[in-house]
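Please read the structure below before turning to the comments.
Below, chain A is the first sequence line, B the second, and so on; all start at residue 1.
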2 protein chains.
Amino acid sequence: MKFSSKVRYGTRALLELALRWGEGPVPLKDIARRQQIPLPYLEHLICPLVQAGIVKSARGTRGGVMLLKPPGEIILSEVIDLLEGPGNAAEYGDKALECRDYSAAYDVWDEVTEQVNRVFESITLQSLVERQQLKSRVG
Amino acid sequence: MKFSSKVRYGTRALLELALRWGEGPVPLKDIARRQQIPLPYLEHLICPLVQAGIVKSARGTRGGVMLLKPPGEIILSEVIDLLEGPGNAAEYGDKALECRDYSAAYDVWDEVTEQVNRVFESITLQSLVERQQLKSRVG
DNA sequence: ACATTGTTGACCAAACTGGTCAACAACGAG
DNA sequence: CTCGTTGTTGACCAGTTTGGTCAACAATGT
């Protein structure tokens, strides 16, 4: 129930890309500056996103990074899975399996996880962008 | 978005207590055996729960530990907060505050956190017990 | 007085986090 | 071609957290 800064930074990076959707490649340096993410760290964050095919990268002089899908089609749970690795929630040890005779909370955590994931699945980059724009317009 | 084993173990311990609601003090040794939690570890888990007044402890020969409130009145978010310490979700660094001029994902994580917390607030120990009994009756 | 049980704090190895550095690979412009 | 730009990769590292143990102590019932 705690988000790693990997996820937080990564989401911010993606949010930046979502805001610039359609502009073509955005250099990592750019993202790093605007979202205050250490460049070398950002590089590591982007990597799995590129490999997963959610982001496309282009090297060279006018290279950079851009979303492959429109922001409305990228859901938060997907992003979290990619950045946090698989098994994003309860992973009870192996011992737990032994005491099935009596009561235990195994599947209970599955249930909780499932409900939380439903929340993540209902949030898209697009919705984050909109919410963000709403807030910045007020402030 | 990952649950520490502190939270998982702790919830299992509380679930055990919920199942035994009304039986009087349950020894830690008992809980540890039934829920496969290392006893010395469990002791540390129980501590904050006792201090928070959600659990009552009794020492001595027939001592043990018991819930103070009925399981239906103990919500998951409460348990998580107690076991995980405050700030159960996104805690973006201080640097983030500096780049408010352009876009950023600060409040976005607040939003996500809020939604997740709503889920935790809707789950009580009682509901976990019921779900658990349902599953074990089938299996 | 004694065994039982909870409380507390010190301690520890291992994993994870957040982050840096440096070498390398591909691409565009001149 | 070659040079600078930009992404890719992997090694590395200090600090924190996690998961867990041990031992001393405090309270309670018998």
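- Between the CZ atom of B:R62 and the C1' atom of D:dT28 there is a distance of 13 Å, rounded to whole Å.
- For D:dG20, one of the phosphate oxygens OP1 or OP2 lies less than 4.0 angstrom from a side-chain nitrogen or oxygen of B:Y9.
- In this structure, B:S57 reaches the C:dT7 phosphate: one of its side-chain N or O atoms is under 4.0 Å from OP1 or OP2.
- Each of C:dC27, D:dA11, D:dG20 was ranked by its minimum atom distance to the side chain of A:R59; first place goes to C:dC27.
- Using a cut-off of 4.0 Å between Lys/Arg side-chain N and Asp/Glu carboxylate O, B:R118 and B:E114 are scored as salt-bridged.
- Side-chain nitrogen and oxygen atoms of B:S5 include at least one within less than 4.0 Å of the OP1 or OP2 phosphate oxygen of D:dG19.
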- prompt: Does the pair A:F3 and B:V112 meet the rule for a side chain to side chain contact (heavy atoms under 4.5 Å, CB included), with working shown?
  reply: CA-CA 10 Å; A:F3 298 103; B:V112 173; 4.1 Å; yes
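- Annotation: side chain of B:L45 is in contact with side chain of B:K6 (closest heavy-atom distance under 4.5 Å).
- Rounding to whole angstrom units, NZ of residue A:K29 and C1' of D:dG4 are separated by 11 Å.
- Rounded to an integer number of Å, the gap from CG of B:D30 to P of C:dG6 is 9 Å.
- Here C:dA10 presents its P atom at 16 Å from CD of B:E43, a figure rounded to the nearest Å.
- Distances from the side chain of A:I46 to the nucleotides D:dG10, D:dT8, D:dG20 place D:dT8 closest.
- The CD atom of B:Q51 sits 15 Å away from the P atom of C:dG6 (whole-angstrom rounding).
- Residue B:P40 is classed as a base contact, given a heavy-atom separation below 4.0 Å to a base.
- Residue A:Y41 places its side chain closer to C:dT20 than to any other of D:dT30, C:dT20, D:dG19.
- The side chain of B:T61 lies closest to D:dT30 when the candidates are D:dT30, C:dT7, D:dT21.
- Closest to the side chain of B:V50, out of C:dT7, C:dT8, D:dG20, is C:dT7.
- In this structure, A:E84 places its CD atom 11 Å from C1' of C:dT17, rounding to the nearest Å.
- One can place CG of A:L39 at 8 Å from P of D:dG7, the figure rounded to the nearest angstrom.
- Salt bridge present: A:K69 and A:E78 bring a charged side-chain N and a carboxylate O closer than 4.0 Å.
- The CZ-P distance, from A:R33 to D:dT6, rounds to 11 Å in whole Å.
- Tracing side-chain contacts under 4.5 Å through hydrophobic residues (I, L, V, M, F, W, Y), one never reaches A:V119 starting from B:I75; they form parts of separate clusters.
- Along DNA chain C, the nucleotide nearest to B:L28 and the one nearest to A:H44 differ in position, and the one closer to the 5' end is contacted by B:L28.
- Nearest to the side-chain atoms of B:P38 among the listed nucleotides C:dT5, D:dT18, D:dG20 stands D:dG20.
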